[in-house]
Amino acid sequence: MNNERAELGKKAAYTGIIGNILLTLSNFTVGVMAGSVALVAEAAHTLSDILTSIITFIGFKVGMKPADLEHPYGHGRAEALAGLIVVLFLGIVAYEILSEAYSRFFIVSAPPDYTAAIMAIVGIIANSFMTIYMMRIGEKINSPAIIADAQHQKIDIFSCTLILVGVIGSNLGLRFLDPLVAMLIAFIVLKTAFDVGRENINNIMGKVPSRNIMAEIRRSAMSIEGVMGIHNVRINYFGPYAAVDLHIEVDGDMNLREAHCIAHKVEKKVIEDIDLIRIVNVHACPFNEKNH
């Protein structure tokens, strides 16, 4: 599974890096030639996509490293940290786009050439493909870093659509539309930065990834013969996987060896039943003595 996860993660990262290199060069060249500040802003944005894809790949590689003495729960949180670095880049890009677009509001210039509209359509198609592909891989291998990068990529679909509208509008006499679209792109970038940041902070803080996860853990643990109840369930989220600590209740007259055997069966069962969970620590307690 780890080998498959590494291969899929590598494919997603390479797709983002190569695709965005091509889009950056195309957006900048066409934007300058067509006189579209919005398309040049999009080139700056796609340049940041390249950097964030590289950061994502580094975070993914670090997160794949196995547990060691200094990191007994593995390195999974490196992926969430990579997601936060992506947020930092998004904030810088949004500021630069806003600055340039604001200054263009006070400059009278010719409307962008229609080649900018053609480039915007190409961008919509290319970014749609990359977003869908990367999101599917990110969800399949449960990678916060790749999902964050896919969400970042999704911005480009909306921004290219806005560029298309702006170019057409500018040529119909609404000259303010091109810089206005650039500013809207910046606000979309900031909104995505906020969403990605919140998700990855929750990941690092150990927020339970799903409301149903507790019910799944309970159902799995209670399926083992001899388990009479569970309590004190705690979940720590480590990037693409989680670790669980829980107490099981068994017959108080059971000997230590039997209770130990049941605890190990619960650990194995929970890991088998729930893909998200990789590590389970079980403490056996006498039935109806939850404070012990």
Side-chain angles (χ1 to χ4, degrees), residues 1-2 4-5 59-60 62-84 138-148 151 194-292:
M1 176 62 186
N2 279 343
E4 181 187 6
R5 186 173 190 272
F60 180 81
V62 173
M64 286 292 294
K65 289 173 64 177
D68 53 36
L69 290 176
E70 293 183 346
H71 307 88
Y73 284 91
H75 299 75
R77 282 184 175 154
E79 295 194 36
L81 289 172
L84 291 180
E139 290 175 348
K140 182 175 182 178
I141 64 177
N142 196 30
S143 170
I146 291 175
I147 290 172
Q151 289 174 330
F194 175 79
D195 292 341
V196 172
R198 180 177 57 187
E199 183 176 339
N200 282 279
I201 288 171
N202 282 336
N203 189 309
I204 292 171
M205 294 294 289
K207 182 180 177 181
V208 177
S210 168
R211 292 182 179 181
N212 298 325
I213 196 76
M214 290 292 191
E216 291 181 29
I217 293 169
R218 176 175 293 278
R219 183 165 53 250
S220 183
M222 292 296 292
S223 69
I224 299 299
E225 186 177 354
V227 177
M228 305 172 75
I230 71 168
H231 60 274
N232 283 11
V233 181
R234 288 177 297 219
I235 301 176
N236 279 309
Y237 205 12
F238 293 91
Y241 58 86
V244 175
D245 298 305
L246 72 150
H247 291 202
I248 59 170
E249 298 167 36
V250 298
D251 185 346
D253 295 324
M254 183 179 291
N255 66 48
L256 178 60
R257 188 180 299 278
E258 290 175 321
H260 179 73
C261 181
I262 290 173
H264 273 285
K265 286 181 179 179
V266 170
E267 291 175 359
K268 185 178 179 182
K269 181 67 173 171
V270 172
I271 291 171
E272 286 178 352
D273 288 352
I274 306 171
D275 290 338
L276 175 70
I277 296 172
R278 300 275 186 87
I279 301 169
V280 179
N281 295 308
V282 178
H283 176 75
C285 307
F287 180 60
N288 277 338
E289 295 186 28
K290 296 182 181 180
N291 293 326
H292 294 278

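Under a 3.5 Å cut-off, the side chain of S220 and the backbone N or O of I217 do not form any donor-acceptor pair.
The structure places CD1 of I235 at 13.0 Å from CD1 of I279, a figure rounded to the nearest 0.5 Å. If you take CD on E249 and CG on N232, they are separated by 9.5 Å, rounding to the nearest 0.5 Å. Here the NE2-CZ distance, from H231 to R218, works out to 10.5 Å after rounding to the nearest 0.5 Å. Note that the CE atom of M222 and the NZ atom of K269 stand 13.5 Å from one another [nearest 0.5 Å].
Across all non-hydrogen atoms, the minimal contact from D251 to M228 is N-SD, 3.5 Å. Closest of all the heavy-atom pairs between A221 and I230 is CB-CG2, 3.9 Å. Across every non-hydrogen atom of A259 and V250, the tightest pair is CB-CG2, 4.4 Å.
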Checklist entry - Between S223 and R219, does a side chain to side chain contact (heavy atoms under 4.5 Å, CB included) hold up when you go through it step by step? => result CA-CA 6 Å; S223 69; R219 183 165 53 250; over 6 Å; no

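Using cut-offs of 30° and 60° on the angle between ring planes, the pair H283 and H247 is tilted.
Residues V227 and I262 have side chains in contact (heavy-atom distance under 4.5 Å, counting atoms from C-beta outward).
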